[in-house]
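First comes the structure, then the notes that go with it.
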Protein chains: 4
Amino acid sequence: MPQMPEYPTALGASTPDKITLLGVDLAEDVMGEVGFGELAFWLATQRRPSPGETRVFEAVLAALADHGFTPTAITARLTYLSAPDSVQGALAAGLLGGGSRFLGVTEDAGRFLHEVLRATQLPLDAAGWDALALKTVRAQREAGKFVPGLGHHVHKQGDPRTPRLFQIAREEDCFGPHLELFAAIGRVHPQVLGKTLPLNGAGVCGAALADLGLPMELLRGFALLARTAGLIGQLAEELRHPLANQIFLSVDQNNVSVPPDPAGGTDG
Amino acid sequence: MPQMPEYPTALGASTPDKITLLGVDLAEDVMGEVGFGELAFWLATQRRPSPGETRVFEAVLAALADHGFTPTAITARLTYLSAPDSVQGALAAGLLGGGSRFLGVTEDAGRFLHEVLRATQLPLDAAGWDALALKTVRAQREAGKFVPGLGHHVHKQGDPRTPRLFQIAREEDCFGPHLELFAAIGRVHPQVLGKTLPLNGAGVCGAALADLGLPMELLRGFALLARTAGLIGQLAEELRHPLANQIFLSVDQNNVSVPPDPAGGTDG
Amino acid sequence: MPQMPEYPTALGASTPDKITLLGVDLAEDVMGEVGFGELAFWLATQRRPSPGETRVFEAVLAALADHGFTPTAITARLTYLSAPDSVQGALAAGLLGGGSRFLGVTEDAGRFLHEVLRATQLPLDAAGWDALALKTVRAQREAGKFVPGLGHHVHKQGDPRTPRLFQIAREEDCFGPHLELFAAIGRVHPQVLGKTLPLNGAGVCGAALADLGLPMELLRGFALLARTAGLIGQLAEELRHPLANQIFLSVDQNNVSVPPDPAGGTDG
Amino acid sequence: MPQMPEYPTALGASTPDKITLLGVDLAEDVMGEVGFGELAFWLATQRRPSPGETRVFEAVLAALADHGFTPTAITARLTYLSAPDSVQGALAAGLLGGGSRFLGVTEDAGRFLHEVLRATQLPLDAAGWDALALKTVRAQREAGKFVPGLGHHVHKQGDPRTPRLFQIAREEDCFGPHLELFAAIGRVHPQVLGKTLPLNGAGVCGAALADLGLPMELLRGFALLARTAGLIGQLAEELRHPLANQIFLSVDQNNVSVPPDPAGGTDG
């Protein structure tokens with residue numbers, strides 16, 4: 001007879017009179033003692049962050065929590081309109097928009113910087129960072145690719161989140177190589193591209209999360225965690241001042257019937 | 001020509017050089033200044049909580065973040081195994097298990113207590129709370145219904161989260177009528193039911209969230225927010241020590257083919 | 001040592017040289033032999049439907065597949081815009097709108113008729129159906145409730161799907177007690193309500209699915225299956241003639257910042 | 001004042017007395033006249049398929065509908081256990097596992113063949129297909145990549161779906177260049193790889209869908225449509241013979257608490 005498999009975990013476990021989480025007593029040592037951002041960091045890394053790391057991490061979550069009427073926010077509101085019995089469905093539908101395009105820059109920037117740094121001998125001095133950044137921007141340009149985290153369609157003169165997160169990371173001694181490289185890209189890219197683009201907020205968040213040692217594969221996950229709080233805010237506002245039905249009608253009532261287009265097929 | 005509809009919001013908004021959230025400057029007044037739990041509360045209520053309210057709220061989130069290998073955790077791991085390119089899909093799939101049965105007690109308890117209190121003249125003294133609780137438990141029993149938040153299949157002698165959350169709420173002056181009624185139910189129910197059941201952690205969380213003035217319709221949403229952090233922890237652990245394939249195989253390799261059962265239909 | 005659990009199933013199973021589904025050979029007896037609607041029915045009931053049952057079932061699926069720019073369609077398009085790397089996410093997000101309000105009438109009508117019939121001695125003659133329908137509509141009215149499936153905001157003079165599905169069910173000898181009762185409600189309700197409302201398409205679909213013996217708990221599932229095909233159609237059209245970005249901008253560009261409203265809380 | 005945008009569509013539209021879909025009358029010309037597989041094809045391409053195309057398409061859907069206790073099936077059952085009030089959530093959660101690993105081969109194979117054919121001058125004779133296949137397999141091998149659709153962990157001596165789908169496509173005159181190339185890969189790959197691998201069912205389905213002219217970007221969508229029917233079958237069986245709680249307990253009761261592992265971080 002085959003043996004039952006075992007499933008090891010350092011996360012939640014309980015006995016009749018005690019609950020542990022991450023090896024500590026949930027009721028005594030976590031509840032009332034550990035903030036929610038701190039706990040999220042701890043769960044993801046299995047190490048408790050310092051207060052400075054927590055402050056940087058929570059600044060990132062604040063930067064990503066809500067960006068107004070994004071596709072994810074509209075989707076959560078429409079789904080709640082359509083299935084008000086299922087709050088979990090409305091939140092899940094909203095999060096499903098957190099893919100490559102809208103929430104992906106955070107992950108893309110973090111991974112991109114990480115890849116460059118894997119091939120780099122550290123430490124570097126200021127001139128060294130600028131040289132590395134110059135080489136990096138040139139290589140992307142030659143490959144016909146963008147630098148993730150560079151450019152913003154609204155904040156063309158500078159994204160206010162970027163200098164602020166630089167400042168917080170410096171204050172907390174969390175300004176590591178990913179942020180160094182990202183800042184250097186901000187300084188040198190005009191030499192290569194011939195124009196000055198802003199370092200955007202999503203990108204600086206990716207650099208900061210990478211410097212905090214969070215897992216690369218889950219950088220998008222932290223953007224989604226932040227957005228979950230934002231989507232609850234959207235649903236709470238929807239409950240007070242419903243907009244979703246108006247959004248739905250603004251599309252449905254402006255539909256125009258056109259004939260089928262069998263030749264309209266795309267070509268992969 | 002019909003007029004374009006307008007969409008008012010107090011949440012995120014931006015101009016070329018400024019981003020506001022909840023009427024304040026995101027970069028200056030939120031990032032680095034507001035913790036993530038505090039921000040989630042603020043987004044949901046549009047009012048900034050006091051430090052004491054934040055502590056109670058974050059204690060609730062800690063209590064609900066991860067309960068080990070729940071269906072939601074298993075689901076998130078299996079979905080990540082199956083579609084590793086989509087972290088948002090794994091988190092969304094996990095959250096979709098946050099329905100009436102596994103994460104619903106928090107909402108059910110909060111709503112139940114809220115309904116009782118709507119029909120009650122406050123304030124009450126200690127004897128008044130016990131009398132109300134007695135009436136409430138009797139009414140449920142006569143209707144053949146359970147009291148939400150009463151009983152636990154593991155913590156039969158008491159759920160360690162419950163006294164701890166009572167204590168934190170008292171320390172922070174957040175022990176309101178929902179917690180009062182819930183505590184009173186804990187004292188008096190043996191008189192009616194003839195046995196002593198524990199007040200469970202999910203239930204006390206619902207009572208505490210209701211006392212904080214969070215919207216009843218979204219109580220489940222806060223359990224889901226907490227669980228999002230827990231699911232990221234599950235995925236991070238899955239990345240280090242993969243278990244999902246073993247879970248999948250333990251089911252698939254123990255399948256037994258049986259003939260179709262056309263008469264097995266259920267009867268609604 | 002605990003014994004490994006076993007997992008019986010009549011669905012898909014395979015050996016190195018054979019795949020079975022529902023007890024038959026997938027390659028030889030299903031592929032090329034069984035239509036997709038027929039297979040969906042067979043999977044749900046574990047009995048192969050007759051050609052007539054298949055025709056009624058597929059007529060229901062056709063009636064529910066696509067209703068234009070519904071919240072589910074808009075949601076699928078917006079999610080695809082936002083996360084084009086994840087077709088599964090766009091479809092899942094669309095389906096999550098298939099809850100109580102937009103796709104729920106099919107299930108509500110089927111269950112409602114089923115409940116009435118459980119308490120009824122069959123068979124009935126024409127006068128018997130009218131009497132039962134009259135009693136049913138009166139009971140709903142006295143309880144202050146609507147009759148599911150009665151009324152439509154666009155097709156006020158009659159929903160064209162309803163007589164057509166009646167006709168198809170009669171042609172295929174699938175006009176059972178749920179459709180009988182639904183049709184009778186259509187005849188008698190003006191006597192009670194003082195006005196004539198149309199029997200809507202979603203409702204007649206629920207009645208037809210119930211007469212086919214499909215499981216009550218999953219009636220909504222068949223509406224979702226139909227809608228999956230419709231959402232693929234929406235995404236295919238979005239690929240050819242993108243609209244989602246315009247929908248997003250029509251909301252985002254018409255946002256109006258208003259101050260937070262801490263007193264706006266709802267009251268459960 | 002900005003002009004209201006318009007939203008053209010060839011899909012569902014309705015007036016008070018008529019509903020059209022794809023330019024035809026839904027009640028008269030679709031319901032009772034068009035099978036569900038045929039309709040799904042029509043919705044995706046905006047052209048009505050021939051009976052032969054429909055037969056090939058439905059054979060593909062049958063091949064992909066249910067593969068037993070896959071991660072998607074387990075996920076749908078666990079989610080239904082956890083949130084039985086939301087059938088849409090259980091189906092959506094199941095579909096979210098339909099990503100790159102488990103349902104992705106269909107899409108990968110279709111796209112891979114399509115890319116090779118874009119660079120190829122057609123028509124080819126038998127020797128020409130073999131030469132193209134040889135070149136293709138060699139190029140993949142030299143790049144250190146697998147050929148999508150080649151190999152199967154269970155059906156090592158041949159997947160029974162593959163010859164059957166070849167046969168059906170030939171019978172219906174739908175054996176186009178994607179299937180030709182796929183079949184040729186099956187003939188020639190042992191010369192390059194030094195061993196004989198089976199052409200798997202998911203791969204042949206991708207080739208057949210591509211030959212039918214379905215949009216490349218949505219090939220995964222058809223696998224998901226098929227799987228929606230399969231997941232409804234899984235939920236229907238779960239209703240009759242519940243297994244999800246046993247699956248959950250088989251994991252939860254075999255958990256083993258281990259200490260946190262802060263050094264266990266992955267490296268992107």
Side-chain angles (χ1 to χ4, degrees), chain B residues 3-15 20-24 42-48 79 82-83 85-89 92-93 96 107 110-111 114-115 117-118 210 213-219 250-268, chain C residues 3-15 20-24 42-48 79 82-83 85-89 92-93 96 107 110-111 114-115 117-118 210 213-219 250-268:
Chain B
Q3 194 156 358
M4 295 286 283
E6 291 191 337
Y7 300 106
T9 181
L11 301 176
S14 60
T15 61
T20 56
L21 184 67
L22 295 155
V24 299
W42 195 349
L43 284 161
T45 60
Q46 303 205 354
R47 87 177 163 80
R48 187 166 184 177
T79 304
S82 199
D85 44 311
S86 171
V87 171
Q88 71 270 25
L96 289 171
E107 176 168 327
R111 282 178 183 265
H114 197 68
E115 283 308 304
L117 290 168
R118 279 160 72 116
L214 293 160
M216 282 299 127
E217 298 89 340
L218 297 178
L219 291 194
S250 80
V251 180
D252 190 41
Q253 295 182 341
N254 292 293
N255 89 77
V256 178
S257 271
V258 295
D261 176 14
T266 56
D267 190 54
Chain C
Q3 195 157 356
M4 293 286 283
E6 291 192 338
Y7 300 107
T9 181
L11 301 175
S14 59
T15 61
T20 56
L21 185 66
L22 296 157
V24 299
W42 195 351
L43 284 161
T45 59
Q46 304 205 353
R47 87 176 164 80
R48 188 167 183 178
T79 304
S82 199
D85 44 312
S86 172
V87 171
Q88 72 270 26
L96 288 171
E107 175 167 327
R111 282 178 181 266
H114 197 68
E115 283 307 304
L117 289 167
R118 280 161 70 119
L214 294 159
M216 282 297 128
E217 298 88 339
L218 297 177
L219 290 194
S250 81
V251 180
D252 189 42
Q253 294 182 341
N254 291 293
N255 89 76
V256 178
S257 271
V258 296
D261 177 14
T266 57
D267 189 53

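Taking CG from B:Asn254 and CE from C:Met4, the interatomic distance works out to 4.0 Å, rounded to the nearest 0.5 Å. Here C:Gln88 contributes atom CD and B:Thr79 contributes atom OG1; the two are 10.0 Å apart, rounded to the nearest 0.5 Å. Between atom OG of residue C:Ser250 and atom OH of residue B:Tyr7 there is a gap of 5.5 Å, rounded to the nearest 0.5 Å.
With sequence neighbours left out, the side chain to side chain contact (heavy atoms under 4.5 Å, CB included) criterion links B:Pro8 to A:Leu243, C:Val258. Residues passing the side-chain hydrogen bond (donor to acceptor under 3.5 Å, both in side chains) test with C:Thr20: none are found, sequence neighbours excluded.
If you measure heavy-atom distances from C:Leu219 to chain B, you find no contacts under 4.5 Å at all. Neither the backbone nor the side chain of C:Gln253 comes within contact range of chain B, judged by heavy atoms closer than 4.5 Å. C:Thr9 touches chain B through backbone and side chain together, each having a heavy atom under 4.5 Å away. Only the side chain of C:Ala83 comes within less than 4.5 Å of a heavy atom of chain B; its backbone N, CA, C and O stay farther away.
Of the listed residues (B:Gly110, B:Gly89, B:Pro259, B:Ser257), the greatest number of heavy-atom pairs within a distance under 4.5 Å of chain C belongs to B:Ser257.
Side chain of C:Gln46 to main chain of B:Asp261: a donor-acceptor pair is present (N/O by atom type, distance under 3.5 Å, no hydrogens or angles).
Heavy-atom minimum distance, C:Gly23 versus B:Pro260: N-CG, 4.2 Å.
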